[in-house]
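Contents: one structure, followed by commentary.
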Amino acid sequence: MAKSYDYQSAFDIIGPVMMGPSSSHTAGAVKIGNSARAVLGDAPKSLEIHYYESFAKTHQGHGTDVAIVGGAMGYSTFDNRIKSSLDIAKQENIKVDIFEEDGESIGQHPNCAFIKADTEDGRHIEVIGISIGGGTIKLKGINVNGLEVELNNGLPLLEIDGEIDKAQINHLINDFSDMNIDFGDEIAKISDYNGLVVFPLNKAISESSLNKINDKYSDLNVSYIK
């Protein structure tokens with residue numbers, strides 16, 4: 001199995017281009033929100049955000065709220081709409097609830113956010129993300145419509161869910177190998193009728209490879225989290 005790294009380059013440590021004041025509390029928070037949006041696959045109807053430890057104490061002063069909400073709305077770290085994301089969410093009738101939790105972080109890190117989100121058509125997802133510095137994040141858990149996997153992985157990731165079983169996961173693995181996608185061991189949860197599988201990626205995948213996956217598995221929800 002290929003060795004994974006929390007940081008892919010010096011730019012991950014320096015941090016991305018973005019509005020301040022803190023890469024951990026703003027850039028990282030945007031990426032946690034982006035991750036939730038990627039798994040959700042559509043604009044959120046509602047967002048419920050739970051903060052732990054450092055995020056719980058400083059989220060308002062450090063812009064974490066606008067960062068996570070903006071990220072969940074699909075904005076990048078350098079999008080000027082980030083600073084107005086709470087107002088935009090209100091204008092678009094997106095319900096946003098924010099909670100400051102006591103006690104230890106469920107992500108085993110002080111900069112932790114637990115996001116619950118719903119779409120208009122009833123898709124429900126949950127994402128636990130931690131911001132580890134320089135705008136870099138790890139995901140600690142993903143839940144889609146009640147199926148949940150525990151993680152401890154940085155980005156990028158491929159998340160796939162729907163009517164999927166072990167045989168289809170093996171087909172995915174074979175197809176990824178044929179496309180020379182560099183991936184690690186899958187993390188999966190299978191129920192009687194549905195499945196959720198996450199593939200950690202050791203490097204970014206091309207748009208053409210992603211299009212091939214989406215075309216061949218159009219009956220599944222495929223999310224590229226980057």
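In this text, all values refer to a predicted model and were calculated from it rather than measured experimentally.
Using modelled atom types, no side-chain atom of Thr26 and backbone atom of Ala67 make a donor-acceptor pair closer than 3.5 Å. Judged by distance alone, the side chain of Asn111 and the main-chain N or O of Ile130 form no donor-acceptor pair under 3.5 Å. Judged purely by atom type and a 3.5 angstrom limit, Lys31 uses its side chain to pair as donor or acceptor with the backbone of Gly135. Side chain of Gln108 to backbone of Ile106: a donor-acceptor contact under 3.5 angstrom is found. Of the possible polar contacts, one joining the Tyr224 side chain to the Ile205 backbone as a donor-acceptor pair under 3.5 Å is found. Distance alone, capped at 3.5 Å, places no donor-acceptor pair between the Ser84 side chain and the Ile88 backbone. No donor-acceptor pair under 3.5 Å is formed between the side chain of Thr58 and the backbone N or O of Gly61.
Distance check, rounded to the nearest 0.5 Å: CD of Glu104 to CD of Glu53 gives 6.5 Å. Separation of atoms OG1 (Thr77) and CD1 (Ile82) is listed at 7.5 Å; rounding is to 0.5 Å. Here the CG atom belonging to Leu139 is positioned 5.5 Å from the CG atom belonging to Leu155, to the nearest 0.5 angstrom. Note that OG of Ser85 and CG of Asn80 are 12.0 Å apart. Values are rounded to the nearest 0.5 Å. Taken from CD in Glu126 to CG in Leu147, the straight-line distance is 11.5 Å, to the nearest 0.5 Å. Of the inter-residue distances, the one linking Lys45 atom NZ with Leu40 atom CG reads 12.0 Å to the nearest 0.5 angstrom.
You'll find the side chain of Phe199 stays beyond 4.5 Å of the side chain of Ile181, heavy atoms only. The closest side-chain heavy-atom distance from Leu210 to Leu158 is below 4.5 Å. Proximity of Tyr51 to Asp65: side-chain heavy atoms (C-beta onward) are separated by under 4.5 Å at one or more points. Side-chain contact between Leu220 and Gln168: present, with at least one pair of heavy atoms (C-beta onward) separated by less than 4.5 Å. The side-chain heavy atoms of Asn174 and Ser177, taken from C-beta on, include no pair separated by under 4.5 Å. Between Val197 and Val149, every side-chain heavy-atom pair lies at or beyond the 4.5 Å cut-off. Side-chain contact between His124 and Asp118 is present, with at least one heavy-atom pair separated by less than 4.5 Å. By the 4.5 Å heavy-atom criterion applied to side chains, Glu48 and Ile115 are not counted as neighbours.
Here the shortest heavy-atom pairing between Ile190 and Gly195 reads CD1-CA, 3.9 Å. Contact detail for Leu196 and Ile142: the closest heavy-atom pair is CD2-O, 3.7 Å. Residue Ile137 comes nearest to Gly28 through the heavy atom pair CG2-O, 3.2 Å, listed as atom of the first residue, atom of the second, then distance. Contact record, Ile225 with Ser35: CG2-OG, 3.3 Å, taken as the closest heavy-atom pair. Scanning all heavy atoms of the two residues, the minimum distance from Ile128 to Cys112 falls at CG2-SG, 4.0 Å. Taking all atoms of both residues into account, the shortest heavy-atom contact from Val30 to Tyr75 is CG1-O, 3.6 Å.
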task: Run the numbers on Ser105 and Phe55 for side chain to side chain contact (heavy atoms under 4.5 Å, CB included), then give the verdict.
output: CA-CA 10 Å; Ser105 166; Phe55 268 11; over 6 Å; no
- request: Begin from the C-alpha positions of Tyr217 and Ile160 and carry the test side chain to side chain contact (heavy atoms under 4.5 Å, CB included) through to its verdict.
  value: CA-CA 10 Å; Tyr217 296 95; Ile160 302 172; 6.0 Å; no
field: side chain to side chain contact (heavy atoms under 4.5 Å, CB included) between Glu159 and Val144, intermediate numbers included
entry: CA-CA 10 Å; Glu159 180 274 326; Val144 178; 3.8 Å; yes
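Heavy-atom neighbours of Glu150 CD from other residues, nucleotides or ligands within 6.0 Å: at or below the threshold of 12. The neighbour count for Asp102 CG, taken as heavy atoms of other residues, nucleotides or ligands under 6.0 Å away, does not exceed 12. Residue Glu92 places its CD atom among more than 12 non-hydrogen atoms of other residues, nucleotides or ligands, all under 6.0 Å distant.
Taking the six-membered ring for Trp and thresholds of 30 and 60 degrees, Phe99 and His50 have nearly parallel ring planes, at less than 30 degrees apart.
With hydrophobic clusters built from ILVMFWY side chains whose heavy atoms lie under 4.5 angstrom apart, Tyr52 does not share a cluster with Ile49. Under the 4.5 Å side-chain heavy-atom criterion for grouping Ile, Leu, Val, Met, Phe, Trp and Tyr, Ile68 is not connected to Phe114 through any hydrophobic cluster.
A salt bridge links Asp161 with Arg123: the closest approach of a Lys/Arg side-chain nitrogen to an acidic carboxylate oxygen falls below 4.0 angstrom.
Looking at Asn153 and Lys138, their side chains never bring a donor and an acceptor atom within 3.5 Å of each other.
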